[in-house]
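Quick notes on the structure that follows.
For reference, positions follow the sequence shown, starting with 1.
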Amino acid sequence: MNTRFLTRSNHSRRLLLARVVVALAVAAAALRGTGAHAQLAPPNGVEATSVPLAAPAGLAYDAAGNLYIASVDQHVVRKVDLKGIITTVAGTGEQGFAGDGGAATSAVLDSPAGVAVDGSGNLFIADTRNQRIREVVAATGVIATIAGTGVRGFSGDGGAAISAAFAGPQALAFDAAGNLYIADTDNHRIRRITGTTITTVAGDGEQTFSGDGGAATSAGLDSPGGLALDAGANLYIGDTHNQRVRVVSAATGIIATFAGTGSKSFSGDAGAATAAALARPRGLAFDAAGKLYIADSDNHRIRAVGAGAISTFAGDGEQGFSGDTGVSSNAALDTPRAAATFGAGTTQSDAFTDAHNSRARAVSSNGVIETVAGLGATVAPTLVLSGANTVVYGTGTLTATFSNQGRTGSGTVTLLEGTATRASATLSGNVATLTLPTLPAGVHSFAASFPGDSADPATASGVFVVTITPAPLLATANAVSVAYGLPIPALSGTLGGGVLSSDAGNVTPVFATTATQGSDAGAYPITVTLTGSAAGNYTVATSGTSGSLTIAAAATTTVLAIDANPAYLGVPVHLTATVSAATAGTSGTPSGAVNFFNGSQQIGFNVPLANGVATLTVSPAVGTQPLSAVYAPSTSPQDWSASTSNTISASILPDPDFQLSTTPSYQTVVPGQSVGYAINVLPLSGSFTGAVGFTVAGLPAGATATFTPASVTPGASSSSTLMTIRTAPVTGLLRLNPAAGAALAVGLLLWPLARRRRYIARLTAALLLCCGSLGALALLSGCGSSNGFFNQPPNNYTLTITATGVNVSGTPIVHTTTVTLNLQ
């Protein structure tokens, strides 16, 4: 035995003591009977060869020479220190998943099969049936998942390792750069974590043999169970079911067969490794000299390849247990699982797990083999609970397997959850199949209990954690259609997929949509959720034929109005198109534009709506004009449908006018006197609604004209005003006839003499009176003579009367007429 481990004599004494301790512990478990729900945790702080291992698999040395062993069926990772003392470093012995973020010794593992230690002493575990890779930090002892979601499958390449899916990961190995390699066994791939990113470096996922000479990622592997890297970072793969060891070149990524012919048998020692036959090669390890050790499992040997030649390092090919303290090549092994090497020189050992002998064994530098951990088979019975860790609600079975030195147990196995009995079944061939009852979706922790029989004591399994997932249901929504702006109708559908009869009436589908009364036209999916006391036990998805909610464009009504009908030529006509929903209760206001038409001729182009109204000002031609409007809805989204308005027959009349007439047309007037003319305004082409004002031109000098009233508004009938002409009176010198002139002249000559003589004055006055009388007679003699008033000839004046008004179009209208004024 190597000096790292206890002496043989000490080993024997302590082995006897440990077996007594184990026997007492087993007996105590038997006394607990069906109340025992936890598997017996392996003892700590004792000699490694005094306590059992259960299906040991992967193993690895740290830099100090401590040996780590994955004990699969104990659901723990154990450490054997340099003094040969064994302790648990991860796992409680219960089967399940728990503990991330806490102490690794309080965590729950499920069938860990692989271990590796990095350069900092951190321990990495392939937590196989938990589909995870977990790390135990050397400085703190805290465990955490670094890769894997816990769901069995394949995904995640190129992304974060924590989000990747695995299928039964087993072997682990580090390269010199600190990259972690994982044998993703049931995915038939080798994957690598660099930093936190995961990728596939070998295997295309097909369970086959192919690809030698090509890219490793295109090669077919079959259940790879071992990994190792040489000093050049070339990757070696135990391609287990292909009966080969294959190598991937670090430089090129090309894969090739390194050892094995592909035939499951034993041959080839002392010859080329590629010509040797292997049988389910699994774990691999390199020693410091570059020799590769292969756990040739079904050949029950450890084989070594150095300088291209293969040889047997340990095992004689017999399946069994023997040979401790003897030459390693003469020992009997039983299905060795993995290998590990530590350093070089005479004080170090090459170790391997002798899986079905429940031991870890080591070969010293002088070729002597010895057990370094494990008792081999024990007298205590075991009850192992197994099955799927995830089952669908209302389904699932677990298997309880009894074992005790090959004996067949008899009796009933009970499945417990806490203190509650969930199922029971009779052992048949040491196996009891326990059908899970209908339990609510969620995480359940079970344990199996065997009360013992006449030959076997009572025993109980470890805790087995099962996640019950909701049962899938498929819903089909009934298609629904509704016009835009109307309330969303009630939604309905059918539910299929198998609601358990016990849940009838306790699961109700509720169909809903994100669309609301104001949602735009289009198709909207109908979703479904479940309500009811049993809803949490089901998940629901919509089927591929599930209907949707269709919101169609809402029907519209367009109404055209005109502000004047009839209207007049030249007067702008205002058209108003009002677009509204055709169905009462429709929310929203139509948007888009309106096109206006006069018959088939378009007169208004894409006039935008504002609050549902579009207006257009036009000036149609005289006549009857058929006016209409067409609503063109917005196209994105098209919530409204097009509509055509009513047709308005617009009557367009000529612009109103007027004409003038006078009564009389001829008048005679004496100076200083007045005369009047009646001026009539008669509307033409309809009602003339503007005010008509008047002016006159051509009046005699000094004459004035007034109009009463000053203006008229004829409307639909005639109106008149009175024009009054007032002439100026006569105020200038009079013309005298000859007699009167003579008399006046005599009077004027005699006037100076009147101042000299009183009589002369009287005479002069008389003469003056005479002359004045004669003068007056002379003046009066002109009246009524053919020469005019005061012998002035009469004149005719043509008076031009101008009437001005503004018609309805705002255009000034001017008309004139004339009358004659005779001034005496």
Side-chain angles (χ1 to χ4, degrees), residues 56-60 170-171 173 183 222-230 234-247 256-323 326-342 344 348-357 359-370:
L59 75 170
Q170 293 190 17
D222 191 348
S223 311
L227 294 174
L229 289 106
D230 65 14
N234 301 301
L235 173 66
Y236 292 76
I237 303 167
D239 196 358
T240 305
H241 289 176
N242 278 326
Q243 322 304 331
R244 289 174 166 89
V245 175
R246 302 173 79 179
V247 60
T257 294
F258 176 78
T261 63
S263 173
K264 186 181 179 182
S265 60
F266 174 76
S267 68
D269 268 3
T274 52
L278 307 176
R280 293 180 67 230
R282 304 184 79 171
L284 306 176
F286 275 100
D287 67 12
K291 183 180 291 186
L292 178 66
Y293 294 85
I294 305 167
D296 196 359
S297 297
D298 287 1
N299 279 326
H300 312 293
R301 288 175 164 90
I302 303 296
R303 302 177 81 177
V305 181
I310 192 169
S311 61
T312 295
F313 175 72
D316 60 4
E318 294 294 325
Q319 184 177 10
F321 174 75
S322 68
V327 178
S328 63
S329 57
N330 295 331
L333 313 181
D334 191 348
T335 319
R337 180 76 177 264
T341 63
F342 181 76
Q348 309 304 334
S349 298
D350 298 316
F352 59 91
T353 48
D354 197 357
H356 289 182
N357 280 324
R359 300 168 187 266
R361 301 172 81 175
V363 180
S364 63
S365 58
N366 58 9
V368 174
I369 190 170
E370 195 158 4

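Atom NE2 of His241 and atom CZ of Arg280 lie 4.5 Å apart (nearest 0.5 Å). Atoms OG1 and CG, from Thr261 and Leu278 in turn, are 7.0 Å apart once rounded to the nearest 0.5 Å. Here the CD atom belonging to Gln243 is positioned 7.5 Å from the CG atom belonging to Asp298, to the nearest 0.5 angstrom. Rounding to the nearest 0.5 Å gives a distance of 5.5 Å between CG of Leu59 and OG1 of Thr353.
Across all their heavy atoms, Phe266 and Asp296 have their closest contact at CD1-OD2, 4.4 Å. The shortest heavy-atom contact between Ser263 and Ala277 is O-CB, 3.8 Å. In this structure, Ala285 and Ala339 approach most closely via the heavy-atom pair CB-O, 3.5 Å. Heavy atoms only, all atoms of each residue included: Thr274 and Thr257 are closest at CG2-O, 3.6 Å. Heavy atoms only, all atoms of each residue included: Ala273 and Phe258 are closest at CB-O, 3.5 Å. Taking every heavy atom of both residues into account, Asp316 and Asn330 meet most closely at OD2-O, 3.5 Å.
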_Test side chain to side chain contact (heavy atoms under 4.5 Å, CB included) applied to Val305 and Tyr236, step by step_ = CA-CA 12 Å; Val305 181; Tyr236 292 76; over 6 Å; no
*His300 and Asp334: side chain to side chain contact (heavy atoms under 4.5 Å, CB included), yes or no, with the steps?*
CA-CA 5 Å; His300 312 293; Asp334 191 348; 4.0 Å; yes
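With a 6.0 Å radius and a threshold of 12 heavy atoms from other residues, nucleotides or ligands, Lys264 has its NZ atom above the threshold.
The backbone N or O of Ser265 lies less than 3.5 Å from a partner atom in the side chain of Asn299, making a donor-acceptor pair. Within the 3.5 Å criterion, the main-chain N or O of Gly262 finds no donor-acceptor partner in the side chain of Asn242. The backbone N or O of Pro224 lies less than 3.5 Å from no partner atom in the side chain of Thr240, so there is not a single donor-acceptor pair. A donor-acceptor pair under 3.5 Å links the side-chain atoms of Thr341 to the main chain of Phe286, judged by distance alone. In this structure, Ser328 contributes its side chain and Ile369 its backbone to no donor-acceptor pair below 3.5 Å. A donor-acceptor pair is defined here as one N or O able to donate and one able to accept, closer than 3.5 Å; such a pair exists between the side chain of Asn366 and the backbone of Val368.
Results of the salt bridge (Lys or Arg N to Asp or Glu O under 4.0 Å) test with Asp354 over Arg359, Arg361, Arg337 single out Arg361 as the only residue that passes.
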